Protein chains: 2
Amino acid sequence: MPTPSRRRHDRPDEPDTTTQRRRATIHDVADHAGVSIGTVSRALNDRRGVHPDTRRRVLASAAALAYDPDKAARELSNRRAVDIALSVAHGYRRLTPFFGLFLQHLAERLATEGLQVREVASGSDGLPVRDADAFVLLDAHPDDPRIEHLTRLGRAFVLVGHAQDVRCVAADDEAGGRIAAEHLLRLGHVDTVHLTADLHAQAFADRAHGFASAFDAAGAGQVTTIVADDASTLGGYRAMRAHLERGARPGAVFAATDELAIGCLTAAADLGLRVPSDLSVVGFDDLPEIGARLTTVRQDIDLLARETVTLLHEALAGAAVRAVRLPVTLVSRGTTAERRTR
Amino acid sequence: MPTPSRRRHDRPDEPDTTTQRRRATIHDVADHAGVSIGTVSRALNDRRGVHPDTRRRVLASAAALAYDPDKAARELSNRRAVDIALSVAHGYRRLTPFFGLFLQHLAERLATEGLQVREVASGSDGLPVRDADAFVLLDAHPDDPRIEHLTRLGRAFVLVGHAQDVRCVAADDEAGGRIAAEHLLRLGHVDTVHLTADLHAQAFADRAHGFASAFDAAGAGQVTTIVADDASTLGGYRAMRAHLERGARPGAVFAATDELAIGCLTAAADLGLRVPSDLSVVGFDDLPEIGARLTTVRQDIDLLARETVTLLHEALAGAAVRAVRLPVTLVSRGTTAERRTR
DNA sequence: GCATGCTGCGTAAGCGCTTTCATAAAGGTA
DNA sequence: TACCTTTATGAAAGCGCTTACGCAGCATGC
């Protein structure tokens with residue numbers, strides 16, 4: 001039987017005038033389940049050497065107490081001496097919603113196991129301005145100088161975005177393009193626009209390819225690709241507006257990004273087009289709050305972060321290089337409709 | 001003399017085949033300075049009871065070893081049982097660069113002392129959907145329902161943004177508007193536009209008021225206020241473009257936000273206007289990467305976060321309510337020039 | 001029958017830090 | 001000189017967690 005130990009917070013006679021909730025700790029769970037904290041930890045972390053019955057009991061106690069392991073303690077305890085850097089390419093727009101979300105999820109996932117990311121920018125030579133034990137490379141293109149540099153340095157790294165012969169993880173951008181195309185084809189669209197930005201970025205190139213080739217394969221209609229200056233709402237607006245002002249009247253547009261899609265929506269509205277009756281639009285990413293009413297290709301950012309962490313471990317362990325592609329799904333909301341046969 | 005203790009990482013005979021740097025800990029600093037870890041901690045945290053000479057020595061050692069206190073350890077050790085929530089108003093654009101930056105700084109400052117923020121949204125009734133011990137209210141307007149609600153609940157809260165009779169902290173928005181005006185007046189401008197969004201938001205109202213009243217006071221020229229749908233680059237673009245297309249040719253514009261300013265810049269460029277020779281523009285915020293080349297009114301986001309933390313402590317301690325206004329400065333870059341007298 | 005291995009679990013050390021407590025030295029007063 | 005403060009410092013406990021270690025208890029082997 002474990003000995004209940006006296007600890008700092010155990011002050012039964014404390015006045016407790018305030019309405020202050022105290023979070024349950026591992027000790028509370030241990031007491032509740034009648035085991036030691038070691039066993040609780042093992043049970044919760046799926047370590048071997050715990051009797052199935054005990055494990056069940058612990059999990060029940062944890063649930064009953066709404067136990068939520070303390071991040072800082074776990075991090076401190078788990079600490080591996082690994083310095084992880086998130087490297088962004090020179091000139092990359094760090095303040096992008098996608099970037100913020102990804103960084104948030106990545107940091108959270110890593111914190112769980114005692115790891116920590118720091119952001120590091122790239123210098124004018126394209127190389128990270130600071131060294132680290134492992135790198136997460138964002139927004140890389142196939143001939144990114146960072147890849148060779150880190151390889152030569154013998155640093156572990158994983159690339160977020162699709163690439164060849166490199167450890168990388170990305171949403172299945174090509175499939176995303178394809179399912180967007182299929183959705184639009186199913187609605188009978190034949191005259192479509194692909195609104196994108198910087199086809200030099202692998203993700204955008206893949207989306208474009210997936211979309212165009214699905215249309216080609218169907219042998220139905222044409223797709224015009226228009227390239228915005230910038231993958232922002234403003235970039236999408238200007239590109240789309242210019243296109244529409246040139247007299248083009250596509251039935252649907254597939255935007256490479258939710259932000260581009262929003263720009264497109266706004267341009268359409270400004271020019272008196274109704275969405276979705278005059279124009280269908282589908283985005284990509286499914287960013288919360290940005291694309292709330294948008295039909296879009298959803299990618300799971302948290303899954304992306306989780307897979308990044310897995311690959312990071314493999315890299316650190318010296319495992320074989322592999323590329324992982326994450327599934328995407330189409331979420332159909334209010335901005336697409338059947339082609340209007342006028 | 002402190003006894004050098006044997007610790008987990010002390011393995012002098014470890015092969016160290018990898019090029020792995022280990023971060024300096026408080027023990028390293030203590031050894032280097034020839035004192036105990038307690039003294040190091042006291043010296044570094046400005047606690048009393050440390051001899052000035054000792055303090056100097058410790059600081060020197062810390063600097064020499066590039067000591068960077070571990071977040072998790074500090075958080076774990078400092079832990080106060082306070083649950084802090086960052087509340088955003090319903091419908092607020094959370095993914096805004098300013099929001100991201102503020103949250104980042106706030107979290108960092110709080111982590112330093114073992115506190116943690118969690119974000120909480122507001123429901124359709126405008127009230128936070130989750131309770132907490134203390135709240136940071138973002139984007140509040142004077143008659144925000146959250147204020148009364150939290151007061152009634154007896155919760156500590158601080159409002160980020162100017163308000164009356166409430167504990168709040170904000171940049172000196174009115175002064176910001178004024179110095180923007182003074183800058184433009186100094187350059188001889190008389191026909192100006194104030195590009196803003198949602199004057200219901202106190203910050204925007206104050207900036208507008210500061211700007212307009214400085215112009216009035218100088219008795220020079222006129223200011224036309226135009227309100228964008230949205231404080232985004234796209235919002236700024238559309239509002240400005242519409243204004244220019246109506247034939248207006250102001251000499252200068254003061255945008256309530258860097259993002260609005262960027263939109264304004266783009267609109268000007270699209271309509272063939274040169275900045276700054278045809279049009280001067282000054283922004284507000286000085287967001288990194290967004291406003292790199294922009295003449296703008298700079299507010300110190302980290303200071304804002306620090307003051308928020310101070311007020312949070314005051315609120316928790318039940319101190320008297322006070323409002324703090326933070327100074328802003330004009331940083332002059334390439335988007336403003338003397339009025340062209342054609 | 002006893003050495004051997006396995007399994008399940010409690011114990012305790014340790015992650016890097018802050019802070020309380022004890023102690024020693026220095027200063028003040030009578 | 002004896003006594004009380006005050007100040008500077010080291011020792012150690014504790015934050016919540018993971019995990020190495022060791023000890024039972026039980027099954028297996030010959």
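Here is how names work: the chains are called A, B, and so on, in the same order as the sequence lines, proteins then strands, and each is numbered from 1. Computed from a predicted structure; not experimentally measured.
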* Applying side chain to side chain contact (heavy atoms under 4.5 Å, CB included), name anything that partners B:R56, two or more places apart in sequence or on another chain. => B:P52, B:D53
* Side chain of A:R55, backbone of A:A43: donor and acceptor closer than 3.5 Å? -> yes
* Asked: For D:dC15, does either OP1 or OP2 sit under 4.0 Å from a side-chain N or O belonging to B:S77?
  -> no
* Asked: Where the side chain of A:L76 is concerned, which of D:dC17, C:dT18, C:dC15 is the nearest nucleotide?
  -> C:dC15
* Quick check: does any side chain N or O of B:R167 sit under 3.5 Å from a backbone N or O of B:A319, one acting as donor and the other as acceptor? -> yes
* **d(CD1, A:I37; P, D:dG16) in whole Å** => 11 Å
* To do: Taking only Lys NZ, Arg NE, NH1 and NH2, and the carboxylate oxygens of Asp or Glu, determine whether B:K71 and A:E75 approach each other closer than 4.0 Å.
  => no
* Between A:D31 (CG) and C:dG10 (C1'), how many Å, whole number? -> 14 Å
* Asked: Between B:H27 (NE2) and C:dG14 (P), how many Å, whole number?
  -> 11 Å
* Asked: Under 3.5 Å, is there a donor-acceptor pair linking the side chains of B:D286 and B:Q299?
  -> no
* Asked: To the nearest 10 degrees, what angle separates the axes at the start and end of the helix from C:dG1-D:dC30 to C:dA30-D:dT1, five pairs each?
  -> 50°
* Which parts of residues 41-48 of chain A get close to DNA chain D, meaning a heavy atom less than 4.0 angstrom away? -> A:S41, A:R42, A:N45, A:R47
* Would you find a donor on one side and an acceptor on the other, under 3.5 Å apart, between the side chain of B:T39 and the backbone of B:V35? -> no
Could you list the donor-acceptor pairs under 3.5 angstrom formed by side chains in residues 304-312 of chain A, with sequence neighbours left out?
| from | atom 1 | to | atom 2 | distance (Å) |
| --- | --- | --- | --- | --- |
| A:R306 | NH1 | A:D302 | OD2 | 2.8 |
| A:T308 | OG1 | A:L304 | O | 2.6 |
| A:T310 | OG1 | A:R306 | O | 3.1 |

* To do: Take the protein atom OH of A:Y67 and the nucleotide atom P of D:dG16, then report the distance between them rounded to whole Å.
  => 10 Å
* Residues which pass side chain to side chain contact (heavy atoms under 4.5 Å, CB included) with B:R152, listed by chain and number, not counting sequence neighbours -> B:E148, B:H149
* To do: Could you tell me whether a side-chain N or O of A:D28 sits under 3.5 Å from a main-chain N or O of A:T25, the two making a donor and an acceptor?
  => yes
* A:N45 side chain to A:R47 backbone, donor-acceptor under 3.5 Å -> no
* Judged by atom type as modelled, is there a donor-acceptor pair below 3.5 Å linking the side chain of B:R325 to the main-chain atoms of B:A171? -> yes
* **Whole-Å distance separating the CG atom of B:D70 from the C1' atom of D:dC17** => 14 Å
* Structure fact -> The correct set of residues in residues 49-62 of chain B placing a heavy atom under 4.0 Å from DNA chain D is B:G49, B:V50, B:H51, B:T54
* To do: May I have the distance from B:K71 (atom NZ) to C:dT18 (atom P), rounded to whole angstrom?
  => 13 Å
